[in-house]
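Report on the structure given below.
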Amino acid sequence: MSIALFTLGGTIAMGGTDPGRAGVVTRLTGADLTAAVPGLDALGLPLDVRDTQAVPSAHLTYRQLLDVVDAASRAVTAGATGVVVTQGTDTLEESAFLADLVWPHVAPLVFTGAMRNPTLAGPDGPANLLAAARVAAAPAARDLGVLVAFADEIHAARWVRKTHSTSTATFASPNAGPVGQVLEGQVRVLARPERREPLPPVDLARLDTVRVALHTVTLDDDGGLLDGVAATHHGLVVAGFGVGHVPAVLVPALGALAGRIPVVLTSRTGAGAVLRHTYGAVGSETDLQRRGLLNGGLLDPYKAKVLLRLLLAAGAGRDEIAAAFVRHG
Ligand code: ASP
């Protein structure tokens with residue numbers, strides 16, 4: 001019995017500088033990270049450390065993350081009680097959701113990181129790593145899918161967002177709240193999200209070629225960026241206004257695109273759902289659905305993009321994609 005720890009870099013590990021350059025870069029290994037955590041020994045489970053990447057999270061790729069999920073899966077099959085992944089916070093909401101879509105195990109897979117690097121007063125990495133290890137070891141956290149442990153809160157990967165560029169309380173789940181807390185070292189689960197079947201396996205060769213675009217709609221948007229998207233991309237996510245609205249001038253282009261590639265409608269607001277049958281104007285959610293856009297439901301644009309790319313990489317057709325957005329949205 002052990003906890004497998006995969007380290008991918010990020011602020012939590014940025015304890016050094018490059019000669020002649022300003023700013024911190026990744027330097028700390030998993031052994032350094034665990035050595036900085038008082039109380040980790042008291043968990044009673046050894047940490048099996050796998051230093052995997054040492055990069056800012058902006059550099060991570062789907063392929064690398066799927067490799068980590070595979071290695072984590074093998075660790076669980078070989079007897080690990082749970083898994084912790086440390087990475088940069090910038091893309092953590094996407095990584096954790098990606099992992100959640102394919103994670104088949106009851107064992108917890110827990111992402112964490114830090115907002116304050118180890119050279120600052122009051123770095124939050126050690127506390128977050130300890131909380132994540134506690135969650136990974138906790139019987140109560142089993143069968144919850146992929147989780148994010150941060151600032152002593154536990155979030156479901158499917159709902160969590162990075163909501164602040166510097167705050168140590170950056171991770172929140174605006175639509176649901178945290179599913180648990182780490183209180184005096186104890187893992188308390190407050191809500192149990194219903195789990196979904198893992199997505200079908202991704203074809204890695206296809207993954208490398210599948211391109212999904214994300215277009216955020218803005219006031220007086222002329223839609224120029226949408227020109228030719230169907231020739232270069234296999235899918236499109238639209239981050240629309242409010243409950244899923246766009247300017248009328250974009251409507252013909254989006255309707256035409258939806259006839260060629262899957263186009264998913266989401267909200268740029270950061271919380272709440274795209275509606276289905278409330279507004280009727282040109283460019284409203286009813287109009288766009290009638291023209292073939294798929295409703296992203298509660299999924300934010302970034303998560304919708306992850307889901308669409310994995311579905312396309314698994315060879316899903318239009319009906320399967322539509323059904324998946326009903327299930328996950
Ligand atoms: N830029 C960093 C990263 O995502 C931020 C962090 O780790 O908090 O790698």
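Given the structure is predicted, the values throughout are model-derived calculations rather than measurements. Indexing begins at 1, ligand by ligand and atom by atom, following the structure's order.
Contacts of Gln181 classified as side chain to side chain donor-acceptor pair (under 3.5 Å), with partners at least two apart in sequence or in another chain: none.
Sorted by first then second residue, the side chain to side chain donor-acceptor pair (under 3.5 Å) pairs that include residues 26-50, not counting sequence neighbours, are Asp18-Arg27, Thr29-Asp32, Asp48-Arg50.
Among all heavy-atom pairs drawn from His233 and Ile261, the shortest one is O-CG2, 3.7 Å.
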Show me the donor-acceptor pairs within less than 3.5 Å that the side chains of residues 60-71 make with the rest of the protein, sequence neighbours left out.
| from | atom 1 | to | atom 2 | distance (Å) |
| --- | --- | --- | --- | --- |
| Thr61 | OG1 | Gln64 | N | 3.0 |
| Arg63 | NH2 | Asp208 | OD2 | 2.5 |
| Gln64 | OE1 | Thr61 | N | 3.1 |

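Cluster annotation: Leu312 and Leu257 are assigned to distinct hydrophobic clusters (Ile/Leu/Val/Met/Phe/Trp/Tyr, side-chain heavy-atom contacts under 4.5 Å, transitive).
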Are there any protein N or O atoms under 3.5 Å from the N or O atoms of ligand 1? List them with distances, or say none.
| from | atom 1 | to | atom 2 | distance (Å) |
| --- | --- | --- | --- | --- |
| ligand 1 | 1 (N) | Asp90 | OD2 | 2.7 |
| ligand 1 | 4 (O) | Ser57 | OG | 2.5 |
| ligand 1 | 4 (O) | Thr89 | N | 3.3 |
| ligand 1 | 4 (O) | Asp90 | N | 3.1 |
| ligand 1 | 4 (O) | Asp90 | OD2 | 3.3 |
| ligand 1 | 7 (O) | Thr11 | N | 2.8 |
| ligand 1 | 7 (O) | Thr11 | OG1 | 2.9 |
| ligand 1 | 7 (O) | Thr89 | N | 3.0 |
| ligand 1 | 8 (O) | Thr11 | OG1 | 3.1 |
| ligand 1 | 8 (O) | Thr89 | N | 3.4 |
| ligand 1 | 8 (O) | Thr89 | OG1 | 2.4 |
| ligand 1 | 8 (O) | Ala114 | O | 3.0 |
| ligand 1 | 9 (O) | Ser57 | N | 2.8 |

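Atom CG of Leu308 and atom CG of Leu294 lie 8.5 Å apart (nearest 0.5 Å).
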